[in-house]
Amino acid sequence: MTETFEAGDVTLRRVREFVWEIPPEGDMRVPARVLASRPLLEQIADDRTLEQLRNTTHLPGVTDYALCMPDGHQGYGFPVGGVAGIDAENGCISPGAVGYDINCGVRMMRTDLTYDDVRGREEELVEALFDAVPTGLGGGGVVQGDAPTVEAVLERGVEWALEEGWAVEDDLTHCEDEGRRPDADPDAVSQKAKDRGRNQLGSLGSGNHFLEVQRVTDTFDAATAEAYGLAEDQVVVLIHCGSRGLGHQTCNDYLRRIEQEHADLLADLPDRELAAAPAGSELAERYYGAMCACINFAWVNRQLIMHRTREVFADVFDRPWEEMGMELLYDVAHNIAKKEVHETSAGERELYVHRKGATRAFPAGHPEVPAAYRDTGQPVIIPGSMGAGSYVLSGGEASLSETFGSTAHGAGRLMSRTQAKQEFWGGDVQDGLREGQKVYVKASSGATIAEEAPGVYKDVDEVVRVSDALGIGDKVARTFPVCNIKG
DNA sequence: ATGTGC
């Protein structure tokens, strides 16, 4: 008999280990799949995640199945951790299925330092980073951009940073799409969005965004770890942030326009938050071009923060950063929609692959993996919480057949920010991390520390275990925090 | 996530 899992009015049936399916019924165009262990499934049984996932199967052109990654939880319309491959010719594109923070993502920078080099100097380092990298809501960035600067960043991405001395050539070759989305259309980004972004170039923002100095605690795959330049005890830097007010404004601009101009499509959807523009429409093209421009902005944002971090390390350790092996390992987006060609049940199709809180995980040999990682598969960076550490995976062979080339993006929230602030007090969390785990955290707001307390997250080990077992993203290395700055 | 609302 088929094993089932009941959650409210949703019944999932087990397809095989870690694969659960909501069979199509009513206006569902395809099944919905959750990739999770039973404990992870139980953690999304009582919120809107499964209902939202089911809703996404109503989107025109959704292909084969809608998916929820192991770290999934409820979001705006479309679950965080959601993946949908939607036909780019006959389907649609949905801003809510990309997320408000366009190209929210992570980059990891290597160093040649070991934990011994930073131990005892955590406080000095965390203070220096906090002084150098703007955090929190509002304006102020590493760079104060004027209007032409914003245009250049939207158009050319990290190439702009290279020209301006904020990057080296190797940074481009170790970034998804070499740091530039060619489909970017800066004219499709509103003046209001550009104005908001102008003084936010090189700023972390708030919420779950952070910069963390970490040490590698484990390697699981010696050959891939070596190819990625990772070894136990090594110090690395992880940067998690997105496109700030510029991306947020762009998402909002297009949601409102799409709701108005494609009200007929919206009328057939179960949730207003899923508003989508039909493929081929002017608005679909404009949103795609604007989103790609925001992607470039976010890559530059992370680039500026990384380069500033190099300067901080040079200062603190009194050596040129080039002599400390401070190279970009990889930068990967986890809030994005991309035109990609995939093998589907209907044959080869060009899809808008929507990944919202999901990471692309292309395996070895895929032509879109940067040359540096063509033989190992794309690095997949999965940040965990301040108390649990993070993972580096490599894109798995099964990702292309199972998940449109995707895997998880983090530990996944267990509770809302409001609930977190009722459960935790920022100062206590900070003290506990420092005294218990030698993790030095500095934030511009105590509330943010409470909202991001380790206890508000699911078990990242369990999330990664599922990814690895399914063969969509394979374990390479694990890291643990040393010091962390956040909004 | 966000000049912390739709």
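A note on names: the letters A, B, ... follow the listed sequences, proteins ahead of strands, and every chain is numbered from 1.
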Within this structure, what is the [atom1]-to-[atom2] distance between [X] and [N], rounded to whole angstrom?
X	N	atom1	atom2	answer
A:Lys486	B:dT2	NZ	P	12 Å
A:Lys192	B:dT2	NZ	P	16 Å
A:His248	B:dC6	NE2	P	9 Å
A:Asp195	B:dT2	CG	C1'	16 Å
A:Glu273	B:dG5	CD	C1'	12 Å
A:Tyr254	B:dT2	OH	C1'	19 Å
A:Gln249	B:dT2	CD	C1'	10 Å
A:Asp101	B:dT2	CG	P	6 Å

Give one of base, sugar-phosphate or nothing for [X], where a contact means two heavy atoms less than 4.0 Å apart.
X	value
A:Ser243	nothing
A:Lys356	nothing
A:Gln200	sugar-phosphate
A:Gly242	nothing

In terms of side-chain geometry, is the basic nitrogen of [X] or [Y] positioned less than 4.0 Å from the acidic oxygen of its partner?
X	Y	result
A:Glu51	A:Arg54	no
A:Arg310	A:Asp171	yes
A:Arg413	A:Glu452	yes
A:Glu340	A:Arg355	yes

DNA chain B nearest-nucleotide lookup for A:Arg272 and A:Glu452: closer to the 5′ end is A:Glu452
Nearest-nucleotide check on DNA chain B, A:Tyr76 vs A:His209; residue mapping nearer the 5' end is A:His209
Centroid-to-centroid, A:His334 to A:His240, below 6.0 Å?
yes
Can you see if the side chain of A:Arg256 gets near the phosphate of B:dC6 - specifically, an N or O under 4.0 Å from OP1 or OP2?
no
